[in-house]
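Structure, as structure tokens:
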Protein chains: 2
Amino acid sequence: MATIIDVAKLAGVSTATVSRVVNNTGKVRSATRKRVMNAIKELNFSPNVSAQTLQSKQSKTIGMVFPDASSLYFSEIIRGICNYVNQFGFQIMIGSAHDEEEELKTAVRFLNGHTVGGLVIMAPSSKNEELFALPINHSTPVVFISVPPVKAGTTSIVLDNFKMSIEMTKHLIKLGHRDIAFINGSPHNYDSKRRYAGYLKALQENGIEVNSDFTVDGNFTEDSGYRTCLKLCELTSRPTAIFAANDAMAIGAIEAVKDSGLRVPEDIAIVGFDDISTSQYITPALTTVRVPLFNLGQVVGKTLLQKIDTNYEKNIAVAERIVIPLKIIIRESCGSQLKR
Amino acid sequence: MATIIDVAKLAGVSTATVSRVVNNTGKVRSATRKRVMNAIKELNFSPNVSAQTLQSKQSKTIGMVFPDASSLYFSEIIRGICNYVNQFGFQIMIGSAHDEEEELKTAVRFLNGHTVGGLVIMAPSSKNEELFALPINHSTPVVFISVPPVKAGTTSIVLDNFKMSIEMTKHLIKLGHRDIAFINGSPHNYDSKRRYAGYLKALQENGIEVNSDFTVDGNFTEDSGYRTCLKLCELTSRPTAIFAANDAMAIGAIEAVKDSGLRVPEDIAIVGFDDISTSQYITPALTTVRVPLFNLGQVVGKTLLQKIDTNYEKNIAVAERIVIPLKIIIRESCGSQLKR
DNA sequence: TATATTCATGTAAGCGTTTACATTATTTAA
DNA sequence: TTAAATAATGTAAACGCTTACATGAATATA
């Protein structure tokens, strides 16, 4: 492979000049620029990224660590990040982590090797202080996805779960429901918690007392939605509506209701959260909240690049929190279209 | 951040010795090793990856390029690759590509920057000669996923689509079906083609004439499965069974049959391919072929690392092809459980 | 025309490692 | 004991690039 020296020789200039034309920095006479360009083309030269990183002390790769549990959402988010950062010549390095401990380890690995110029951490279930201290301890720009509001120096991007959950619950209430159950996702998951909080808030605002039988715990899988919903259906006084913390569970719940010999939405209305692609095809089509994952990824990319770009020292102390707006998608499973 | 020089100074040795203990190469007296280890710990030293890569000319990161269209399968495969290669200190860099052209560009970008020691390319729909020539032109180990058998020097890992498709079709035939339709995936997709080929083969082997009305073209989405199946249902002499090239389309097809006022599997049996998580919860539960994506990823990782490790020059000329075995999962949608 | 100013290019050090080779310390053999 | 063999460590060049600084060329100013 050709190096910058080969190019310099062929073009009859110094490596400094070649570097200047490659990076478009400093002044170069247009005639020499042309000579250099030709040499580059002829030798099919492209700069060695390791050498650049080593010398400039600025890495153009960003690390992304994501837990296995989030793999459903992963590829869309990654696509969004890629889409944004590639424009600026940044690459993405990923590390999957089985649990919290591994998550921290993966992040530290990225940081220690000086391989990354910034980090994206998706850790919706983590309460690991060390993880959140990473940006300060390593003075590296980090963007967190779906984490609770935390200390200074932490930039996080979250979904507008609370607000939309309130709206969705109100929608159900407006439809006449007062016995509304909620299927939680994984116990420590931040998104799930906020969605539940919104549900409670809406009940409270409407003077509906919380029935503890109506809160059940799933783990975001279709299967858990199925199983918990089955129990709900067996209750002597069963709910007339069910709000699942994500679509996968909502879909499982729909199956459970059907298998209990009941109808959705006539006997039990069901709504979800995420708007995964299946939701529009299932019968009845699922009423849910659309989460724009690709867009989320783009915002994450943009935010991180900003952090990397601006004089980081200045920025390090301000906690920043960006909330991604969401949208309710009304379909059939909530029963709005039912004539009564 | 501490460098190897700082460590050397603190331990009172040369950088060479530090390097030797870090990499476990060459002989070091155990007393000095201990001194060096302590210094490393005290300074929290870890080697700069860029410097290592630059000097050793061996990158411990592998690139993975995948098309947007494959994003459904992406995260599981990546998890598998990660799981394997992390053990050996390798990192994964990913690039998503919108189309074929971009796919090639992304791959070349990885190669040019000398950032990667090997490449995984998922290009089930590509017929781009340049893409397949990459490993030779850049003399870099490349593993392709789901591509047709191609020239020398190409290592590819594919699913046992053809065989399983034959088996699945035979299963349907054994159940008494002779009017079996097939819903294709995207037109140029290799997996889809092989699955279709297996279907045709099974028909032929059983002396069943191919009815051209019974081959329809979808694009792997639930929606396309729904739409194409609707047409199938409207046929004056409609099929009694439908084989969809993937589960998403099969699920769409199930909805379409229901919406046509028909029953699955009584009126029309439906089978798919992939065994995505939804398949077991849909009603009726989908009979399909399980594709072990995580495992596929592991095999990909292992194969690539082998290629990187062995003296690559020797290996470059041999085309290698690994076939991942699959397994049929019989559930309800094919009607096996029906009493007749 | 002489001088100051600006522009274009070159020189060379340094980024943090690894490793071939040289040197010194230690052990073994005679 | 001493020479030979081996083990442990050090020296310094190289990997491919960027950039501060030095230098030389071209242009503007007086």
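Per chain, numbering begins at 1; letters A, B, ... match sequence-line order. Just so it is clear, the model here is predicted, and its values are computed rather than measured.
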message: By nearest atom, which of the nucleotides D/dC15, D/dA26, D/dC17 is closest to the B/L54 side chain?
response: D/dC15
query: For A/K27, which contact category applies under a 4.0 Å heavy-atom criterion: base, sugar-phosphate, or nothing?
result: base
message: Side chain of A/R20, heavy atoms from C-beta onward: which of C/dG10, C/dC15, C/dT17 has the nearest atom to it?
response: C/dG10
query: So, the side chain of B/K60 versus the backbone of B/F88: is there a donor-acceptor pair under 3.5 Å, distance only?
result: yes
- request: When you get a sec, tell me which of D/dG16, C/dG16, D/dA8 is the closest nucleotide to the side chain of A/N48?
  value: D/dG16
message: Classify B/T32 by what it touches in the nucleic acid, base, sugar-phosphate, or nothing, heavy-atom distance under 4.0 Å.
response: sugar-phosphate
message: Whole angstroms only, please: what is the CD-P distance between A/Q52 and D/dC15?
response: 17 Å
- prompt: Can a salt bridge be assigned to the pair B/E100 and B/K127 using a cut-off of 4.0 Å between side-chain N and carboxylate O?
  reply: yes
- prompt: Which of the following nucleotides, C/dG10, C/dG16, D/dT9, is nearest to the side chain of B/T17?
  reply: D/dT9
task: Walk me through it: do B/T303 and B/I322 pass the test side chain to side chain contact (heavy atoms under 4.5 Å, CB included)?
output: CA-CA 9 Å; B/T303 309; B/I322 294 175; 3.6 Å; yes
query: Do A/E76 and A/R79 meet the salt-bridge criterion of a basic N to acidic O distance under 4.0 Å?
result: yes
message: Quick check for you: among D/dT11, C/dC15, C/dT18, whose closest atom lies nearest to any side-chain atom of B/S14?
response: D/dT11
query: So what does A/G12 touch, heavy atoms closer than 4.0 Å: a base, only the sugar-phosphate, or nothing?
result: sugar-phosphate
message: Nearest to the side chain of A/V13, heavy atoms from C-beta on, is which of C/dG10, D/dG16, C/dT19?
response: C/dG10
- prompt: Of the candidate nucleotides D/dA12, C/dT9, D/dG16, which contains the atom at the shortest distance from the side chain of B/T15?
  reply: D/dA12
statement: Ranking A/S19 and B/R35 by the position along DNA chain D of their nearest nucleotide, the one closer to 5' is B/R35
